[in-house]
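Structure first, then comments.
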Amino acid sequence: MPLAFSTLGLPGHPLDAVLALAAEHGYQGLELRAAPSEPVHTGLTSAERRAAARRFTAAAITPLTVASYIGIAEPGPDAPVLADLRAHLHLAANLGAPYVRVFPRGGSDALEGTRTAGRRLLQLADSAADLGVTILVETHDSHRSGAALAALLATTPHPSVGALWDVLHTWLSGETPAETYHHLAPRLAYIQVKDVASPTDLTPLPLGAGALPLPTCLAQLPTPTWISWEYEAPWHPTAAPFAHQLAAGHAYLTDLLSR
């Protein structure tokens with residue numbers, strides 16, 4: 001099982017420094033938080049994109065995902081959402097990343113959010129395929145359970161649209177790992193792991209130190225499936241520094257996968 005981590009845990013760190021950490025600690029891939037304050041975002045020039053792609057190649061690290069903050073089910077007009085998603089798809093293609101992550105972010109009407117997401121995804125699914133990129137909708141916010149996300153994805157039966165399983169949100173929804181996997185398996189691209197103390201304290205913890213059923217989640221997965229560690233450092237300033245945990249996190253995941 002290849003291992004990755006998200007640059008969310010290292011906000012503002014230069015790309016070369018993050019690549020060096022990944023290589024040093026045995027991670028094969030990176031999820032790239034695509035925000036203006038980060039080294040990878042849609043405002044990069046063509047030359048900057050080529051330079052970033054070369055850095056990944058030189059480090060032998062996979063740019064796994066361009067992690068956008070697009071709300072694919074968000075209420076409002078389609079045009080701005082589609083333009084933003086199109087820009088992220090081109091960024092992923094330029095970097096050689098196979099995936100772009102989007103959130104649901106539907107409103108209070110879950111059914112309308114599902115329809116909105118399906119309409120938008122269908123408009124860009126063929127373009128994503130032409131670019132060699134798959135759009136992944138994450139289990140999050142309005143569609144945090146596997147069942148809810150599977151219903152959303154059913155509106156877009158296209159191979160360039162899939163699921164990203166964030167284990168925190170499916171756990172918060174009350175689903176068991178087996179239930180989540182049952183719902184997502186036909187469209188699942190990979191899994192995001194993390195750990196927290198409780199549903200009321202979401203401060204990131206070292207893997208294995210909290211309440212999330214990580215062994216059971218990983219036991220559901222077929223081989224090979226990417227496993228990526230997402231550590232929400234920007235919103236939890238009291239959390240322990242992420243870089244210091246990379247070695248232990250790799251060892252924890254490797255141990256689980258060897259059982």
Side-chain angles (χ1 to χ4, degrees), residues 6-8 31-38 40-46 48-49 63-166 169-170 172-173 180 183-184 186-190 192 230 234-235:
S6 170
T7 60
L8 183 65
E31 286 186 298
L32 300 164
R33 183 190 184 210
S37 59
E38 300 298 337
V40 173
H41 55 83
T42 57
L44 295 183
T45 65
S46 296
E48 289 169 333
R49 295 174 187 219
L64 181 62
T65 303
V66 170
S68 82
Y69 287 85
I70 295 165
I72 199 65
E74 192 170 7
D78 289 352
V81 177
L82 294 173
D84 200 7
L85 179 51
R86 191 176 290 109
H88 283 84
L89 289 170
H90 281 278
L91 175 61
N94 294 154
L95 297 175
Y99 303 121
V100 166
R101 185 279 306 278
V102 300
F103 290 133
R105 290 192 174 155
S108 57
D109 186 336
L111 182 58
E112 181 60 27
T114 294
R115 290 171 178 160
T116 297
R119 182 179 68 247
R120 291 169 175 168
L121 289 166
L122 280 173
Q123 290 184 67
L124 286 184
D126 285 341
S127 296
D130 291 342
L131 291 167
V133 180
T134 298
I135 304 164
L136 300 183
V137 188
E138 185 173 319
T139 52
H140 203 274
D141 52 77
S142 62
H143 293 68
R144 72 182 351 168
S145 70
L149 184 56
L152 185 157
L153 294 174
T155 66
T156 315
H158 194 288
S160 286
V161 177
L164 171 53
W165 178 7
D166 179 326
H169 288 274
T170 55
L172 290 172
S173 80
T180 299
H183 290 300
L184 297 184
R187 308 289 289 273
L188 181 63
Y190 70 95
Q192 277 181 348
E230 185 184 58
W235 303 291

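The figures that follow rest on heavy atoms only: side chains count, while hydrogens, waters and symmetry mates do not. Position 1 is the first residue of the sequence, and the numbers go up from there. Because the structure is predicted, anything quoted here is derived from the model rather than measured.
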**Report entry** Rounded distance (nearest 0.5 Å) linking atom CH2 of Trp235 with atom CG of Leu8
**Finding:** 4.5 Å
Query raised in the report: Is a side-chain donor or acceptor of Asp141 paired with a backbone partner of Arg105 at a separation under 3.5 angstrom?
Result: yes
Query raised in the report: Would you say Ser6's side chain and Glu230's backbone share a donor-acceptor pair under 3.5 angstrom?
Result: no
Requested in this report: Flag the pair Arg33 / Pro234 as yes when at least one side-chain heavy-atom distance between them is below 4.5 Å, and no otherwise.
Outcome: yes
Query - Backbone of Leu172 reached by a side-chain donor or acceptor of Arg144 within 3.5 Å - result: no
Report task. Identify the heavy atoms of Leu124 and Arg86 that sit nearest to each other, and give their distance. Result -> CD2-NH2, 3.4 Å
Report task. Applying side-chain hydrogen bond (donor to acceptor under 3.5 Å, both in side chains), run through Asn94 and His90 and close with a yes or a no. Result -> CA-CA 6 Å; Asn94 294 154; His90 281 278; 5.6 Å; no
Query raised in the report: Which pair of heavy atoms, one from Pro63 and one from Leu32, lies closest together, and at what distance?
Result: CB-CD1, 4.1 Å
Query - Pairwise distance OG(Ser145) to NE2(His183) - rounded to 0.5 angstrom - result: 7.0 Å
Query raised in the report: Are the side chain of Thr65 and the backbone N or O of Ala67 linked by a donor-acceptor pair below 3.5 Å?
Result: no
Requested in this report: Give a yes or no answer on whether the side chain of His41 reaches the backbone of Ser37 with a donor-acceptor pair at less than 3.5 Å.
Outcome: no
Query raised in the report: Between atom OG1 of Thr114 and atom CZ of Arg119, what is the distance when rounded to the nearest 0.5 Å?
Result: 11.5 Å
Requested in this report: List the steps, then state whether side chain to side chain contact (heavy atoms under 4.5 Å, CB included) holds for Gln123 with Leu82.
Outcome: CA-CA 8 Å; Gln123 290 184 67; Leu82 294 173; 3.4 Å; yes
Query raised in the report: Do Val102 and Glu138 pass the side chain to side chain contact (heavy atoms under 4.5 Å, CB included) test, and can you show the C-alpha distance, the side-chain angles, and the key distance before you say yes or no?
Result: CA-CA 6 Å; Val102 300; Glu138 185 173 319; over 6 Å; no
**Report entry** Reported CG-to-OG1 distance for the pair Leu188 and Thr139, which is rounded to 0.5 angstrom
**Finding:** 9.5 Å
Query - Exam field: side chain Arg101 to backbone Ser68, donor-acceptor pair closer than 3.5 Å - result: yes
Query raised in the report: Is Thr156 reaching over with its side chain to a backbone N or O of Leu153, donor-acceptor style, under 3.5 angstrom?
Result: no
Report task. State, to 0.1 Å, how close Leu44 and Val40 come at their nearest heavy-atom pair, and which atoms those are. Result -> CD1-CA, 4.0 Å
Report task. First locate atom OG of Ser173, then atom CG of Leu149, and finally report the distance between them rounded to the nearest 0.5 Å. Result -> 11.0 Å
Report task. Quick one: do Glu31 and Leu164 satisfy side chain to side chain contact (heavy atoms under 4.5 Å, CB included)? Show the steps, please. Result -> CA-CA 12 Å; Glu31 286 186 298; Leu164 171 53; 4.1 Å; yes
Report summary line: Heavy-atom nearest pair, Leu64 first then Ala97, reads O-CB, 4.1 Å
Query raised in the report: Under the ring-ring contact (aromatic ring centres under 6.0 Å, His included) test, which residues partner Phe103, sequence neighbours left out?
Result: Tyr69, His140
Query raised in the report: Is a side-chain N or O of Thr180 found less than 3.5 angstrom from the main chain of Thr170, in a donor-acceptor match?
Result: no
**Report entry** Rounded distance (nearest 0.5 Å) linking atom CG of Asp84 with atom CD1 of Ile70
**Finding:** 4.0 Å
Requested in this report: State whether the side chain of Arg187 and the backbone N or O of Leu136 hold a donor-acceptor pair below 3.5 Å, judged by distance alone.
Outcome: no
Query raised in the report: Is any side-chain heavy atom of Pro98 less than 4.5 Å from a side-chain heavy atom of Val133?
Result: no
Query raised in the report: Hey, is the main chain of Ile72 close enough, under 3.5 Å, to the side chain of Arg120 for a donor-acceptor pair?
Result: yes
Report summary line: Closest non-hydrogen contact found for Gly106 with Ser142 is N-OG, 2.7 Å
Report task. Give the C-alpha distance, both sets of side-chain angles, the deciding distance and a yes or no for side chain to side chain contact (heavy atoms under 4.5 Å, CB included) between His158 and Leu121. Result -> CA-CA 9 Å; His158 194 288; Leu121 289 166; over 6 Å; no
Query raised in the report: If every non-hydrogen atom of Leu184 is compared with every non-hydrogen atom of Gly146, which pair is closest and at what distance?
Result: CD2-O, 3.6 Å
